Amino acid sequence: QVQLVESGGGLVQAGGSLRLSCAASGNIFSINSMGWYRQAPGKQRELVATITRGGSTNYAESVKGRFTISRDNVKNTVHLQMNSLKPEDTAVYYCHSNTVYRRDYWGQGTQVSVSS
């Protein structure tokens with residue numbers, strides 16, 4: 001079992017920055033990769049960024065060059081640094097992990113709102 005807790009969401013003006021954090025606990029050694037998804041009102045949840053246990057990263061085209069995903073293996077925490085935020089980035093951001101047992105875990109989400 002893996003538990004994920006997000007933090008760092010909030011309200012920011014366009015062009016501003018936020019840093020999201022996701023703390024993992026439980027059977028953290030089973031985690032293959034972690035990432036961030038987001039869901040805007042009336043839209044499907046979409047992938048934002050992922051990072052594997054080996055450190056390989058992947059980003060949605062819409063956030064490349066603006067967002068950076070990183071991890072702290074000691075603290076079992078994944079971060080998403082979001083710069084140059086746009087109103088279209090407004091969404092609930094969810095931390096996600098998948099495990100070697102092919103199970104998916106989700107955090108409860110943190111709201112990110114970007115004003116014009």
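The residues of the chain are indexed from 1 along the displayed sequence. Computed from a prediction, not measured in an experiment: that's the story for all the values here.
Side chain of Glu6 to main chain of Gln108: a donor-acceptor pair is present (N/O by atom type, distance under 3.5 Å, no hydrogens or angles).
Atom CD1 of Ile51 is separated from atom CH2 of Trp36 by 12.5 Å, given to the nearest 0.5 angstrom. Here CD of Glu46 is found 5.5 Å from OG of Ser62. Values are rounded to the nearest 0.5 Å. Rounding to the nearest 0.5 angstrom, the gap separating the OG1 atom in Thr68 from the CZ atom in Arg66 is 11.0 Å. Atom CE of Met82 sits about 4.5 Å away from atom CG of Leu18, to the nearest 0.5 Å.
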With ring pair (Phe, Tyr, Trp, His ring centres under 6.0 Å) as the criterion, how do Trp106 and Tyr37 come out once you've worked through the C-alpha distance, each side chain's angles and the decisive distance to 0.1 Å? CA-CA 10 Å; Trp106 295 90; Tyr37 289 70; 5.0 Å; yes
With side chain to side chain contact (heavy atoms under 4.5 Å, CB included) as the test, would you mind laying out the steps for Ile28 and Val2 before giving the verdict? CA-CA 6 Å; Ile28 59 173; Val2 175; 5.5 Å; no
Verify side chain to side chain contact (heavy atoms under 4.5 Å, CB included) between Leu85 and Phe67, making sure each step is shown before the conclusion. CA-CA 9 Å; Leu85 284 162; Phe67 292 8; 3.8 Å; yes
Could you walk me through whether Cys22 and Thr77 pass the side chain to side chain contact (heavy atoms under 4.5 Å, CB included) test, one step at a time? CA-CA 5 Å; Cys22 175; Thr77 301; 5.7 Å; no
Do Gln81 and Ser70 pass the side chain to side chain contact (heavy atoms under 4.5 Å, CB included) test, and can you show the C-alpha distance, the side-chain angles, and the key distance before you say yes or no? CA-CA 8 Å; Gln81 179 66 44; Ser70 61; over 6 Å; no
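Across all non-hydrogen atoms, the minimal contact from Met34 to Cys95 is CE-SG, 3.7 Å. Contact detail for Thr90 and Val114: the closest heavy-atom pair is OG1-N, 2.9 Å. Between Ser97 and Ile31, the closest heavy-atom pair is CB-CG2, 4.1 Å. Residues Tyr59 and Ala49 share a closest heavy-atom pair of CD2-CB, 3.6 Å. Between Ala24 and Leu4, the shortest heavy-atom distance links the atoms CB-CD2, 3.7 Å. A pairwise comparison of heavy atoms in Tyr105 and Thr99 identifies CE1-CG2, 3.6 Å as the closest pair.
Listed by chain and residue number, Lys64 satisfy the salt bridge (Lys or Arg N to Asp or Glu O under 4.0 Å) test with Glu61 (two or more places apart in sequence, or in another chain).
Side-chain contact of His79 with Asp72: a donor-acceptor pair under 3.5 Å is absent, judged by distance alone.
Follow the hydrophobic side-chain contacts under 4.5 Å out from Leu47 and you reach Val92 in the same cluster.
The number of heavy-atom neighbours closer than 6.0 Å to CD of Glu88, taken from other residues, nucleotides and ligands shown, is above 12.
Among Leu80, Asn58, Leu20, the single residue meeting the side-chain contact (heavy atoms from CB on, under 4.5 Å) criterion with Ile69 is Leu80.
Geometrically, Arg38 does not engage Tyr94 in a cation-pi contact defined by less than 6.0 Å to the ring centre and at most 45° from the axis.
Among pairs with a residue in residues 47-56, none fulfils side chain to side chain donor-acceptor pair (under 3.5 Å), at least two apart in sequence or across chains.
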